[in-house]
2 protein chains.
Amino acid sequence: MTSEKLLSDFKVVLKKEGLKVTPQRIAVLEEIIKDKGHRESEDIYMAIKIRKTHVSRATVYRTLDILVQNGFARKLNLGDGRARYETKIDSPHHDHIICNECGKIIEFVNDEIEKIQEEIAKQYQFKLQQHIHQLFGLCKKCQ
Amino acid sequence: MTSEKLLSDFKVVLKKEGLKVTPQRIAVLEEIIKDKGHRESEDIYMAIKIRKTHVSRATVYRTLDILVQNGFARKLNLGDGRARYETKIDSPHHDHIICNECGKIIEFVNDEIEKIQEEIAKQYQFKLQQHIHQLFGLCKKCQ
DNA sequence: ATATATGCAAAGGATTTGCAGCTAC
DNA sequence: GTAGCTGCAAATCCTTTGCATATAT
C-alpha cells in the first residue's frame, strides 16, 4: 500500500471514530509502518522524539491502541511484560520464533498448524478467535 | 506420585540447593499439587492463608519460583499480566485453549503440531527450548 | 467556538526487593 | 550459633489515567 493511501485511510478511520488528525498520531502511524520490526512502545516513542514531532509516552500508548483497534498494527505479548508492536499493513498472519539469547525474532506461518488448530477448537467446541504461538530457543549465532 | 514421595523429593531438592524446609514452603507445594487448575499467585496465597499456615505474598512468589525452577510447577503467561501456576507432577506437556469470556482453560496436546514445530525450528536453524501455544475463543457455553 | 488531544505527573497492578527480626538445622 | 527465612513496606516496571492547557475542525 502506498503511504499516501495509508495516510488517507487513517484519516478516514479517525474521522469515523470522531477523532482528530494530529501530528502525534501521524507520527506514530508513520513510525509503525516504517519499521518492519517488533518494537516496544518505548522504542517508537524514542524514534519519534529524536526525529521530529514532540510527543509523550502517554500519547504513543494511546495512539498505538487506536492503530491496533483499527487494523493498522498488531500488539504482541512475548511474555516479558513489555508489549511489542508491528505493522499489520500488507502483513499477513504469522507467528514468531524468538531467540532466548539475543532477542532476534523471525516470523513464520504454517498452514498445517493453522488447520490443526481449527480442528482442536472444534473438538473442544470452542469458537476460535485468536491464538498465540511462539517458539523460543537459540538462533544459529547464539547456540 | 504419592504425596509422601513428593514431599521427600522436595526436601531433597531444598537440601541440594542449600535451602531450608519451612512450613510456608511445604504449604505452597501442597497447594500447587492439590489443585489441578491454573491459578494465580494470589489464589494460592489466599488458599494457604485461609486454611492453615501464616504466609506472605512475597514468600508465595519466592516459593513458586523455587517450584518452577525445580520442575514441580509450570508458570503460564496468558497475556493478561498475571502469571498462572499449575502442577507439573504427573502432568505431561500440554498447551491451552482459553475462553475469552469466562476464562475457562482446557489443556490439549497434538503430536503433529509438536513435530511441525521442531521442523520449523530446524528450518530457521533454531535450537528449540520452549514454546507457548495458546488458542483463545469462546467455549460452548459462552458462544 | 468547542469537542477532542496532549503532556505531565500521579496512579495502577503484578511482582520484586531491602532489611530487621525469626527459625531451621 | 548462624546461614538462611519471613513479613512488611517500599520499590520496580510497564502502562493507564486525571486534569489543566492546547489544538484541530
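Below, chains carry the letters A, B, ... as their sequence lines are ordered, and counting in each starts from 1.
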Outer limits of DNA chain D sitting under 4.0 Å from a non-hydrogen atom of chain A, read 5' to 3', are D:dC14 to D:dT25

I'd like to know if A:Glu42 pairs up with A:Arg57 as an ion pair, taking the criterion as any Lys NZ or Arg NE/NH1/NH2 lying under 4.0 Å from an Asp or Glu carboxylate oxygen. yes

Aromatic contact between B:His96 and B:His38, with the criterion being ring centroids under 6.0 Å apart: yes or no? yes

Sub-4.5 Å side-chain heavy-atom contact between B:His93 and B:Gln130: no

No-hydrogen, no-angle side-chain donor-acceptor test under 3.5 Å, B:Asp95 and B:His131: yes

Please list, one pair per line, the donor and acceptor atoms closer than 3.5 Å that link side chains of residues 6-17 of chain A to other protein atoms, with sequence neighbours excluded.
{"from": "A:Ser8", "atom 1": "OG", "to": "A:Lys5", "atom 2": "O", "distance (Å)": "3.2"}
{"from": "A:Asp9", "atom 1": "OD1", "to": "A:Lys5", "atom 2": "NZ", "distance (Å)": "3.1"}
{"from": "A:Asp9", "atom 1": "OD2", "to": "A:Lys5", "atom 2": "NZ", "distance (Å)": "2.8"}

Tabulated below should be each protein N or O lying under 3.5 Å from an N or O of nucleotides 18-24 of chain C; please produce it.
{"from": "C:dA24", "atom 1": "O3'", "to": "B:Val21", "atom 2": "O", "distance (Å)": "3.3"}
{"from": "C:dA24", "atom 1": "N3", "to": "B:Lys20", "atom 2": "NZ", "distance (Å)": "3.1"}

Donor-acceptor contacts, no H, no angles, side chain residues 136-143 of chain B, under 3.5 Å, sequence neighbours left out:
{"from": "B:Gln143", "atom 1": "NE2", "to": "A:Gln125", "atom 2": "O", "distance (Å)": "2.9"}
{"from": "B:Gln143", "atom 1": "NE2", "to": "B:Leu138", "atom 2": "O", "distance (Å)": "3.2"}

A:Tyr61 OH - C:dC8 P separation (whole Å): 16 Å

Quick one: A:Lys16 NZ to C:dT4 C1', roughly how many Å, whole number? 17 Å

For DNA chain C, the residues among residues 24-32 of chain A that have a non-hydrogen atom under 4.0 Å from it: A:Gln24, A:Arg25

Cluster link B:Ile89 to B:Val21, ILVMFWY, side chain under 4.5 Å: yes

Would you say NZ of B:Lys49 has more than 12 non-hydrogen atoms from neighbouring residues, nucleotides or ligands within 6.0 angstrom? yes

What parts of residues 37-55 of chain A reach DNA chain C, counting only heavy atoms under 4.0 Å away? A:His54, A:Val55

If I take atom CZ in residue A:Arg57 and atom P in nucleotide C:dG7, what distance separates them, rounded to the nearest angstrom? 12 Å

